[in-house]
Structures are given as structure tokens and as C-alpha cells.
There are 4 protein chains.
Amino acid sequence: SDALVIAGVSYQSRLLVGTGKYKDLQETQLAIEASGAEIVTVAIRRTNIGQHQNEPNLLDVISPERYTILPNTAGCYTAEEAVRTCRLARELLNGHSLVKLEVLADQKTLFPDVAETYIAAQQLVKDGFDVMVYTNDDPIAAKRLEEIGCVAVMPLAAPIGSGLGIRNPYNILTIIENANVPILVDAGVGTASDAAIAMELGCHGVLMNTAIAAAQNPILMASAMKKAIEAGREAFLAGRMPKRRFASASSPIDGLFF
Amino acid sequence: SDALVIAGVSYQSRLLVGTGKYKDLQETQLAIEASGAEIVTVAIRRTNIGQHQNEPNLLDVISPERYTILPNTAGCYTAEEAVRTCRLARELLNGHSLVKLEVLADQKTLFPDVAETYIAAQQLVKDGFDVMVYTNDDPIAAKRLEEIGCVAVMPLAAPIGSGLGIRNPYNILTIIENANVPILVDAGVGTASDAAIAMELGCHGVLMNTAIAAAQNPILMASAMKKAIEAGREAFLAGRMPKRRFASASSPIDGLFF
Amino acid sequence: SDALVIAGVSYQSRLLVGTGKYKDLQETQLAIEASGAEIVTVAIRRTNIGQHQNEPNLLDVISPERYTILPNTAGCYTAEEAVRTCRLARELLNGHSLVKLEVLADQKTLFPDVAETYIAAQQLVKDGFDVMVYTNDDPIAAKRLEEIGCVAVMPLAAPIGSGLGIRNPYNILTIIENANVPILVDAGVGTASDAAIAMELGCHGVLMNTAIAAAQNPILMASAMKKAIEAGREAFLAGRMPKRRFASASSPIDGLFF
Amino acid sequence: SDALVIAGVSYQSRLLVGTGKYKDLQETQLAIEASGAEIVTVAIRRTNIGQHQNEPNLLDVISPERYTILPNTAGCYTAEEAVRTCRLARELLNGHSLVKLEVLADQKTLFPDVAETYIAAQQLVKDGFDVMVYTNDDPIAAKRLEEIGCVAVMPLAAPIGSGLGIRNPYNILTIIENANVPILVDAGVGTASDAAIAMELGCHGVLMNTAIAAAQNPILMASAMKKAIEAGREAFLAGRMPKRRFASASSPIDGLFF
């Protein structure tokens, strides 16, 4: 009943996961299973989903029958590369139109190049893709990407692979308040509470990879993340108690915060 | 297998809950059920567990057969009152020795009076009680209370009823590192992520009341808290990824943090 | 000797101030004097610096002989408006080429429209202006604006008029590390410590208006800000002690931070 | 006119400094001069102020004519040691009654042993000392120490020598709100903004040592601290602007804070 709807499809899980950085395909499979994710994102430039016929194919392990495969453009640094990568993915996946667009600015920070992202998003929307789009946490950029026609906007919590958690909750909150499409935090989550915080802010979902894959026990961390996402969602829906300096205070604290 | 052991008894749930501030006894019951708690704390000075024979008795709803009842001394401002209250509880509960000691300093802040708490704890330990003890987040006081013989030490995250979350994670962490008894955060948790953070720090459990009872939907929040505690515990056991400014960084950030 | 150099001109003060929101022109004058600022920014669309010949002229109080007047484009929501406003300022100020560009996205958040800002900056640089540019705290946008030829880049600490302080110090730090032009925090500073923190991060200066004008005592706050900027600059140059959990720790804390 | 009054004596400077950890006596002298401090604290168990007649005497450099010498009990782990140390100091300083009491709990954390501190404070007050007392940031302990008769209460911001800044501003604020004696933050300040924050909270002063002595340039850091303390004090007196999510917001933010 509390489904996440993206491009007209309903999902019970609000946790989306990646497939990179695992020890082997078996660990990938077990962690993804433990996460309860229904949408699994795949870096087309780094992962074999059929481009290389004689090599291990991720889709043998993460079956498109069971999971919604979300091809992403990780490793693309121009709009052109990103668009080309999406088209390749669509071919490999038999016309599948859902993609995750990311156009990166540089290899060090992995921050998005927002201007290039606009260009790629416009092209992809025009080409009939359902575009979920990685962006920085600028509320203006997020709104612009929605206006371009993206089906979901995915601001970073912190740099990709940093594990720093939500650096600027105000920005994420403003993005959510302004949005008419699902907002999913993508990148920067480091541990379970980070995911819960994202959901408590009102995010519709969270996408993560390193936080699970780079934990000492990825499978157990995947389970933790599943529960954290559900906990944060329920806490958001339940409506938390007000913050007060003391229980005896007649009104919530205002202005005063550290 | 990952049990919380207090005074020799094993518990599967690491979430302990109170019974105050609910709309009615039915809501109390449903919320406690949804929380999955096995230990339920009861303020002896405010709750009828048999002192008043013709009034509704909480134990009719929260059965001692099913739950471990943890009598607490909320509302006691001296060691003497607290000790007397524990003795009354023991009588009412047929010799039950597990109690939660709190000696408050004043009605506004509800901060503990640590010096009085030492006195009460010494007396109660001598009297054969198994004392779980509410204290501030001073690592020295926490250690002292363990040395006195308390079976669990319960530092505050923030003032009782404030919902401010863990104000000083360093102190909680130091308390945990130094401890040979379970450390449970007691007071101050406001929402699910606060509970997860406590567990990720290595706390053995969390006790809460207002965060559930004062949510707009207490039963849903109880469920959120159950999952958050499990998520935080699993994330702790799973071993989180290191924090880095960027994925490309060769080593975790040191010193630099905001 | 430790001068701030912008467009080839050296300044002793690293505090830049606005002229809006004061009670009257006298308060404006006294606060600016107390701030020690040498650069004073003026919103051309809201302030008379000669456009309206029979009205009070700010320049009678804030003399261009004594202060570097920095015309800004506050209130402009398109590149075109901003460019036109800068040209008007140049005329009114006899060919003065230093301007502060801001292209806002909406009236509620006052966040910059970064894409429009790029367009305006390109035009203004081409027209021979020395452009100091207001932007969000995206390190990629900051670098792009430097590459366009802006003489200083001015990321927000928090929304204009919010007083929330530096929301994302990591971003500001990354902007500084990547920059070859002065980086000045513009917008969001609320009190003295916020200004000190900006300078300790390595910012070359801070621009503020509301934090001074909306204090209960603007003149005293202006003095506080002057000292805070100097304190933060000196602390940056002096090289702070490392952070450690305890003095006895053999090495600075790494990874662990709250 | 805005003097700090301790034990009936007025001071213009609100920055108190220690003498430990400097390279040599000359650096000590220059840093203290640059700090503008009028009260200089000296660890009697570690510093020669006359106990050892043939060794360099700190008082030759930091003259009691010019500075108020504040003997402290650093390195004392029991009330008895601390009291004895204060008596020795009084002798060496010709009947001087102002002392800084610290009774530490252990060598690792250097946290105060609050219970022992109560005992020592009671004895010293009875003996006619004017006691400035180091304590943790527990508002209840701070009030108790005032009631015992201490002339100033000095809660830690963070562990001694940690440089972590104010870990729990709410506690410091509560201590200040409840106090009738000066409250000075003692221990934990790491850089200029930390000192400013303490003063903005309403602290009457700040005592520091490592933050200056362990900076790469102690003399410049001393100057930074002088300005930061003044900036924070002036900002406190000036009355800061309210925090708002956006300038357009009709009222300050309430409850919402990160």
C-alpha cells in the first residue's frame, strides 16, 4: 500500500542497490538478496550484461526476471558518452527504457557535472527513456531536472564512495518539498542510520553501493540497510515527536539548535 | 545468538520501552507489541501495578508472564525515595530483583543527580537488587556505577523527553569502550535514526518512551524503532565502510571533520 | 603583507559588507565603519547611487573615495537582467569594472540559478567586467566560473538571509583547494563564529549583510565580525592543533567524527 | 565597562591561558603577551614558581606584578592531593587565595572526578580559597559546585588537549542559564571559532592552553584567540539575527534543525 512508484511501476522496497565492488558474484547475489532491493543498478561501462559474450554475465546472477535492472552511466564524463551508453543498454536489455543518468565532472570527486547532465537528460527524455538522474544537492538543479522530464531525481548525500552521510539535510529537504517526482538519495550513505535519516527527511528511496559492498560483512550490512530504510520510512509516516530542550518545556525549541 | 544479557538473563530484543504518555491502555499494549520489546519499564510512583486494588492495573495489559517488568524510580529526587520505591516494587512483584534506578536532580531538566545516584545504587546493590542505572553521559560516572555493582549502565543521549538524539557521541563511545556491563542509552532518543546511531556506536540496547508515545502514530513508530534498533545493531556487527572525503582517496579522512 | 588581492587591487580587510536592511543611512554608515570593510556592495536595483537625482544617494554616505563600491545584481532573475544591471552600474560609477554578479532562481530561496549565472558571467567577462560571482557551494560550478574568467568566486554558506552558517564545510574546502582565484563566502553567515569558521577553512574573505544589519545592535555586531574575520584568518595562518579524542592519544583521530 | 569579575576583581580580558607545552620560556612569554590574557594559570606540580630554587622560575617571565597567577592542580587525582597542592601554592605566592581546582579521574581521558572535586572544593572553600573549578559539562554538577561556594565554574568543552570544540552546547547553555557565578569554558577549545562559539553561548570567559601552545605558530594563534574571544563576546552582546531556512520565511525555524 505504501509503494514507491517510478515511471508507473510500483515497488515495495525503497532501497536500490548497485553491483560494484563485491568480492565475487556470489557475494553480490547474497548481498542483493539480503537487501530486499527490487531495483538493481548496473554500470554499463564496467559490467558485462551481454556486451562480452564469453565472459561471466551479471544477469545470470541478478536475473531481469526477478529484479528491475537499472543501467547507469557511471564513468561517463560528457553528455554524449552518457547518451550513447544508455542507448547501448537499451539494446542489450531489449528495449528497456529505465536508466540512471550520471554525468561526472572529474575522476577525483565524482561530483556530477550538472550542466552536462541537463543536456544529456534533455536528449534522453526526447529519445523516450525514463530517466532517473544523479545530481548534486542544489534544489534549483533538482527542480530543473524534474522540469526536463526526468522520472526521478537523485541528489547526492555526499560524494560517491565517501560514506559521509547527508552533508546538507536542509538542501535535501528543500528538494523534497519542491518535488512532484520521487526523490532518492544517491551516493554518500555510509551506514544504516544515514539511510534512516534520508527516509525521515521524506526521501522516497535511497540508492547505495559502497556502503554495503565495502562493509566488513556486506551481507549483514545489506540486511541492516533494508531495516534502516523501512525504519526511516515508518518513522517519517508515524510523525516524530517534537524536539524540545526539556520535556517540561511548553513549546518546541525554536531557533536554538546546534 | 546475538542476545542481550542482563543480570544473567538473555533477551532477543535490544529495545526497552516505557509505558507512560499513551492515550489509553490499549494503545500502550499495541505499541509495546509492535516494538517487540521484552523488557518494559514501569514508573512505580505513577503507575498502578497493584498498589491501588480497585483501579486499572497495568499488569493486566502488560503481563509479567510475557514481559520482564522493569520497575523504575521516575519521580524520585533523593536516594532514600528511590530505595524505598524499589523495595515497594519488589514487594508488589513478588521478590523481583531487577530495577531501573533513577534519582533526578530537578523537575525542569530531569537530569540525574549523580551523587545521589551513587548512594542509592550502593544501597540497592547491598540489598540484593539487580540495578540498571540511569546516569548522565560522563564516562567517569558510568564506570563508577559499574564498579558499585550495577548490572547495566544507562547514560542519557539527551534530556528525558527532549527527543534531541545523541548530543555527545564521543562520551557514549568512551562509556562503551570502558564498560564490562551492558550500556543502554536511556532518554533523549527522538526518532528511528537516533536509535540506530546509538546501536552503531556499540550500545547494547536503547530504552525509550516519549519517542514512541508522543509520535503522531505511536504504533507505527514502535515498529520503526524495532527495525531501527535491529538495523543499527546489524550495521555495528557488519563493520561499516570507512569515511573518506572522496572514493578516490587512498586513506580515510583523518582529523578533518565537521 | 597578508593582503586580499582582487582584480589586481590589494585590500587589508577580508570582510566585505552590504548596505541593505539598516534602519537609516546613519546606521549604515556607522556599521560599515565599525566593520572595517574596504569593499561595500550595493544592490543597484534597490539602492540609489545616482539613478534618481532628487533622492538620498548612498554614495553621499559611503564615499567611493573611501570605499571600493561593488555594485551587485541582487533581484535579477535572468542573465539578461543581470548583464543590463551591471552595465547601468558601470555608467553610474564612471566606468568602474568590478561587479558582483548574482542571478537568482526564485524569490523564496534566493538560491542562484547556476546555469543562468554561467551565461551572464561569460557575457560580462567578454564585456571587460571584473566579475565576482555568487554561486551555490558546488565545487564543479565554482571551478567552471573561475574558468569562465571570474576574478573571485563566492559560494553561499547557506541561503541568503538565513543566518544558518556554513552548511557544508567539505564543499567549501574543496572549492578552496581547487581554486586559483579568491574564494569568498557570500550569504548565510549568521554570527561571528560562522565568519571565523569560513576563514579557518581557508576562505579569502567573507561577504555579509543581514548578519550585521539584522543584529539587535548592528554596530557592535559589525565590530564583532571584523574581529572574527581577523581571528579566523590568523588561526588559519597559525595552523591549528590536531583534533584528538584525548590528549594522551598518540595520533589524531581518523575516521571517527560526529 | 564590560568587565569579567572573579572573586571581586575586574578583568578586561576574558581569555585565560596556561603556560604548558611551549618550546621555551620566551615563546611562553610572547604567546601570553599576544593573547592579552590577564590571568595565567600555572600547574603547580609541573612548573617551578619557587619550589626549586636553582631552576628557572616561571615567575621571572610571567610576572605576578603584571599577571594574576592562577595556580592549578593539574596532575592531582584525589581531593587530598589537590587540597595539598593549593596550600603549597598559597605559600609560594604569599597568601594568594585564587586557585583553579581540578581533580582528575584518570590519565587517559583527563576527565574530572566530579565526586572528588566536590570534596576538595568544600575543603578549599572552608580554608578560605577563592576556587575556580574545572568540571564536566553536567549542569547539575556545575550548580552544585556553585552552591559549595566556588567563585567560578569551568566546564569542559571537550577533553583536555583534544581540540574538539564544544561537544554539547546545550549543556553549556543550561549551565550558563542557571548560574550566579561566572562560567568559563575550560579545556577542549581547538581553534578560534571554538572560542567564539563559547562566548556567543554566553560564557563569561575561556581558559585554554594546548590550542595556543600546540598550534604551528603559537604567537599568531594567541592573537587569533584574543580576537575570537572579543568577537564572540561582542556578538553575544550585539544579539545575533534569528536563524531562518530562508530570508523570506515569516518566522524563525522551529524544531527543524540539523
Side-chain angles (χ1 to χ4, degrees), chain C residues 107-111 158-165 167 187 190-200 210-249 252-253 257-258, chain D residues 107-111 158-165 167 187 190-200 210-249 252-253 257-258:
Chain C
Q107 292 188 299
K108 182 186 168 197
T109 67
L110 305 179
F111 278 127
I160 291 174
S162 67
L164 291 173
R167 292 291 91 198
T191 189
S193 55
D194 295 339
I197 289 169
M199 298 308 293
E200 288 165 357
T210 313
I212 295 174
Q216 285 168 42
N217 182 339
I219 297 158
L220 187 56
M221 187 57 92
S223 168
M225 289 298 186
K226 177 181 191 296
K227 289 174 178 168
I229 293 284
E230 292 173 10
R233 179 66 181 174
E234 289 181 1
F236 172 73
L237 295 174
R240 63 159 292 158
M241 64 176 289
K243 295 185 184 183
R244 291 190 166 88
R245 276 184 68 198
F246 302 111
S248 56
I253 28 177
F257 55 108
F258 306 108
Chain D
Q107 291 188 299
K108 182 186 168 198
T109 67
L110 305 181
F111 278 127
I160 291 175
S162 67
L164 292 173
R167 292 291 92 197
T191 188
S193 55
D194 295 338
I197 290 169
M199 298 308 293
E200 288 165 357
T210 313
I212 296 174
Q216 285 168 43
N217 182 338
I219 297 159
L220 187 56
M221 186 58 91
S223 168
M225 290 297 185
K226 176 181 191 295
K227 289 173 179 169
I229 292 284
E230 291 174 9
R233 178 67 181 173
E234 288 180 4
F236 172 73
L237 295 174
R240 63 159 291 157
M241 64 176 289
K243 294 184 183 182
R244 291 190 167 89
R245 275 185 68 198
F246 302 111
S248 56
I253 28 178
F257 54 107
F258 306 109

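Below, each value reflects all heavy atoms present in this structure, side chains not excepted, and no hydrogens, waters or symmetry copies. By convention in this document, chain letters (A, B, ...) are assigned in the order of the sequence lines, proteins followed by strands, and residues within each chain are numbered from 1.
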Q: Checking D/Glu234 side chain against C/Ala224 main chain: does a donor-acceptor pair fall under 3.5 Å?
A: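 The answer is yes, because a donor-acceptor pair under 3.5 Å joins these two groups.
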Q: For residues C/Arg244 and D/Gly161, report the shortest heavy-atom separation together with the two atoms involved.
A: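 Distance-wise, the nearest heavy atoms are CB-O, 4.5 Å.
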Q: So, the side chain of C/Glu230 versus the backbone of D/Lys227: is there a donor-acceptor pair under 3.5 Å, distance only?
A: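 Answer holds: no.
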Q: If I measure from the heavy atoms of chain D, does C/Ile197 come under 4.5 Å with its side chain, its backbone, both, or neither?
A: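 Both backbone and side chain.
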Q: Let me know if C/Phe111 has heavy atoms under 4.5 Å from chain D in its side chain, its backbone, both or neither.
A: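 Side chain only.
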Q: Looking only at non-hydrogen atoms, find the nearest pair between D/Ala211 and D/Met225 and report the distance.
A: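 The answer is CB-CE, 3.7 Å.
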Q: So which of D/Ala192, D/Ser193, D/Gly163 has the largest heavy-atom pair count under 4.5 angstrom toward chain C?
A: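 Looking at each of D/Ala192, D/Ser193, D/Gly163 in turn, D/Ser193 comes out on top.
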Q: If you count heavy-atom pairs under 4.5 Å between each of D/Ile212, D/Thr210, D/Leu110 and chain C, which one has the most?
A: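 It is D/Thr210.
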Q: As an exercise: rank C/Ala214, C/Gly190, C/Gly232, C/Ala196 by heavy-atom pairs under 4.5 Å with chain D and give me the winner.
A: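 Top option by heavy-atom pairs under 4.5 Å: C/Gly190.
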Q: Which atom names give the shortest non-hydrogen contact between C/Leu220 and C/Asn217, and what distance separates them?
A: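 Residues C/Leu220 and C/Asn217, closest heavy atoms: N-OD1, 3.0 Å.
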